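Note that the numbering runs from 1 along the sequence shown for the chain. None of these values were measured; they are calculated from a predicted model.
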Amino acid sequence: MFVLDGRRAWANWEQLGHKGVIRHLINETGALPGMARPDEAARFLVQSMLAEAASRPGIHVFVTHDSLVIATAARLLGKQFGLDDWPWYLEGAFFWPTENGVNVAYRDYEATHPGPLCGLAETDVLEFARREIAATIGLDNGARFFLAGGAFKSLITGRPPRDLDLWAPSEHDRTLLLEALRTRGARPTGERPCADAFDVAGSIVEVPHRTEPSTLADRLTCFDIALSAVGVEHRPNGEWSVMVHPLALESERRREVLLIKPMVNWKYALATLERMRRYAVELSFSVPADEEAEVWRVFEAQDAVLRAGMIERYRRTGAGGFGIMKEVACRN
């Protein structure tokens, strides 16, 4: 979580020394070269531990370096610890969820971090993107591309993303992405209808065949589900930019899966409905009745030929779950 690129990060230890790096992780806000921003990294780490432990009651022990224990505890407690506060051998920090947030305890210090640890705030979105891109194609890739879509739901669940969609705005950028994946030992996962897909150390990365639209703003207009309209652009000079659709933030706030209307991909409305229901299960959200009604309104507004085409597209692109075809049979 704290180190994104080991080669670059090692220079920090050479220049600052171990104590200097840890002091930075405890007290500073910016990211050192090859590393994540400390506050976001600490929250991501605790959120992922709690997500891993959530389905199994009991005391869960996660083992790491003492430097990460002190940095994470300091960040969530809001304390600026010194050398005397560093943990002794096998000393730990404690984190547990409550209805008011996440309780944090370290030695005689205890506090509650209110609300969710992570979410769709721009800083969280950017650091999530940097971490996932560092682990798959590397931070020194020379391509311009967008990471956009449902992967950012991981900021809400704390679980790893199902896959990453990397959109290239030109054939040249797409070629650079594919070369970077192959250089890092990515294995093709088989044919996909609209993308090349690879397994990179257990992470699935998809690079769509299409190289338009050419801007992140236009890319986000291609999504029908608000929670998918989240993206980060990487530019060859190492600059990043973030966009989060206002309805994505509203969806997170209301804990509901919302549509962006009118639906631009209406011919795939049945697959969208299946995805909405899947998102609701994954996030413990709900799908409002009027959002589902909008999908069925679009479907029923078409003539028989167009409805048949929508059904065929669903069979080709959907997973076949959540009772979609049973409802189609009742309505068609």
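- If you check the side chains of T112 and N100, you find no donor sitting under 3.5 Å from an acceptor.
- Residues A269 and V295 share a closest heavy-atom pair of O-CG1, 3.5 Å.
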Does the salt bridge (charged side-chain N to carboxylate O under 4.0 Å, His left out) test come out yes or no for R187 and D199, once each step is laid out? CA-CA 5 Å; R187 296 183 295 103; D199 185 317; 3.4 Å; yes
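- Ring centroid separation for the pair F128 and F44 does not come in under the 6.0 Å cut-off.
- The environment of L83 atom CG is dense: over 12 non-hydrogen atoms of other residues, nucleotides or ligands sit within 6.0 angstrom.
- Contact of the P38 side chain with the E28 side chain is not registered, since no non-hydrogen atoms from C-beta on lie closer than 4.5 Å.
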Tell me, with the steps shown, if E179 and R182 meet salt bridge (charged side-chain N to carboxylate O under 4.0 Å, His left out). CA-CA 5 Å; E179 289 176 353; R182 295 185 182 107; over 6 Å; no
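- Side chain of R219 to backbone of G231: no donor-acceptor contact under 3.5 angstrom is found.
- Taking CD1 of I22 as the start and CD1 of I26 as the end, the distance is 7.0 Å to the nearest 0.5 Å.
- Residues D218 and T221 have side chains that never bring a donor and an acceptor to within less than 3.5 angstrom of each other.
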Full working for salt bridge (charged side-chain N to carboxylate O under 4.0 Å, His left out) between R162 and E282: CA-CA 11 Å; R162 289 164 55 96; E282 292 173 352; 3.8 Å; yes
Step by step, work out the side-chain contact (heavy atoms from CB on, under 4.5 Å) result for V230 and M243. CA-CA 6 Å; V230 180; M243 294 193 71; over 6 Å; no
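- A distance-only check finds a donor-acceptor pair linking the side chain of S154 to the backbone of R159 [under 3.5 Å].
- Heavy-atom contacts from other residues, nucleotides or ligands closer than 6.0 Å to CZ of F322 number more than 12.
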Can you list the steps and then say if R192 with D196 is a salt bridge (charged side-chain N to carboxylate O under 4.0 Å, His left out)? CA-CA 6 Å; R192 303 285 174 96; D196 292 312; over 6 Å; no
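- Around CZ of R107, the count of heavy atoms belonging to other residues, nucleotides or ligands within 6.0 Å exceeds 12.
- Judged purely by atom type and a 3.5 angstrom limit, E206 has no side-chain atom pairing as donor or acceptor with the backbone of L164.
- Between H234 and N141, the closest heavy-atom pair is CE1-O, 3.2 Å.
- A pairwise comparison of heavy atoms in R235 and W240 identifies NH2-O, 3.7 Å as the closest pair.
- In this structure, R277 pairs ionically with E292, as a charged nitrogen and a carboxylate oxygen lie closer than 4.0 Å.
- A salt bridge does not link R131 to E127: none of the charged side-chain nitrogens sits closer than 4.0 Å to a carboxylate oxygen.
- With hydrogens and angles disregarded, a donor-acceptor distance shorter than 3.5 Å links the side chain of E274 to the backbone of G320.
- With hydrogens and angles disregarded, no donor-acceptor distance shorter than 3.5 Å links the side chain of H113 to the backbone of L77.
- Residue W96 places its CH2 atom among more than 12 non-hydrogen atoms of other residues, nucleotides or ligands, all under 6.0 Å distant.
- Nearest heavy-atom pair, A271 versus T317, reported as atom, atom and distance to 0.1 Å: CB-OG1, 3.8 Å.
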Pair I70-D85, side-chain contact (heavy atoms from CB on, under 4.5 Å): steps then yes or no: CA-CA 8 Å; I70 188 68; D85 298 302; 4.2 Å; yes
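- Between the side chains of S228 and R275, not a single donor N or O lies within less than 3.5 Å of an accepting N or O.
- In terms of heavy-atom proximity, A229 sits nearest to A248 at O-CB, 4.5 Å.
- In the hydrophobic clustering of this structure, F146 does not group with V242; members are Ile, Leu, Val, Met, Phe, Trp, Tyr whose side-chain heavy atoms approach within less than 4.5 Å, directly or through other members.
- Between the CD atom of E327 and the CG atom of L270 there is a distance of 9.5 Å, given to the nearest 0.5 Å.
- Rounding to the nearest 0.5 Å places CG of L155 at 6.0 Å from CG of D124.
- S251 contributes no side-chain N or O that, together with a main-chain N or O of L247, makes up a donor-acceptor pair within less than 3.5 Å.
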Show your working on side-chain contact (heavy atoms from CB on, under 4.5 Å) between L147 and W167 and close with a plain yes or no. CA-CA 6 Å; L147 170 58; W167 306 81; over 6 Å; no
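- Counting only N and O atoms by type, the side chains of H172 and S170 include no donor and acceptor under 3.5 Å apart.
- The heavy-atom pair separating L258 from R254 by the smallest distance is CD2-NH2, 3.8 Å.
- Note on ring orientation: taking the six-membered ring where Trp is involved, the planes of H60 and F62 are parallel (angle under 30°, cut-offs 30° and 60°).
- Ion pairing of R297 with E294 is present here, as a side-chain N (NZ or NE/NH1/NH2) and a carboxylate O approach within less than 4.0 Å.
- In this structure, the side-chain hydrogen bond (donor to acceptor under 3.5 Å, both in side chains) partners of D224, at least two apart in sequence or on a different chain, are N265.
- Taking a 6.0 Å sphere around NZ of K19, one finds it holds 12 or fewer heavy atoms contributed by other residues, nucleotides or ligands.
- Between Y106 and F81, the ring-plane angle classifies as tilted under the 30° and 60° cut-offs.
- A donor-acceptor pair is defined here as one N or O able to donate and one able to accept, closer than 3.5 Å; such a pair exists between the side chain of E252 and the backbone of L120.
- Side chain of R56 to main chain of E52: a donor-acceptor pair is present (N/O by atom type, distance under 3.5 Å, no hydrogens or angles).
- If you take CD1 on I225 and NE2 on H245, they are separated by 13.0 Å, rounding to the nearest 0.5 Å.
- Hydrophobic clustering (side-chain heavy atoms under 4.5 Å, transitive across Ile, Leu, Val, Met, Phe, Trp, Tyr) keeps M310 apart from Y268.
- Q47 meets the side-chain hydrogen bond (donor to acceptor under 3.5 Å, both in side chains) test with no other residue; sequence neighbours excluded.
- Put simply, the side chain of R130 gets close to the backbone of M35: a donor and an acceptor are under 3.5 Å apart.
- Side-chain N or O atoms of R75 include one that pairs as donor or acceptor with a backbone N or O of L25 at under 3.5 Å.
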Where do Y314 and L273 land on the side-chain contact (heavy atoms from CB on, under 4.5 Å) test, with the steps shown first? CA-CA 10 Å; Y314 173 69; L273 179 58; over 6 Å; no
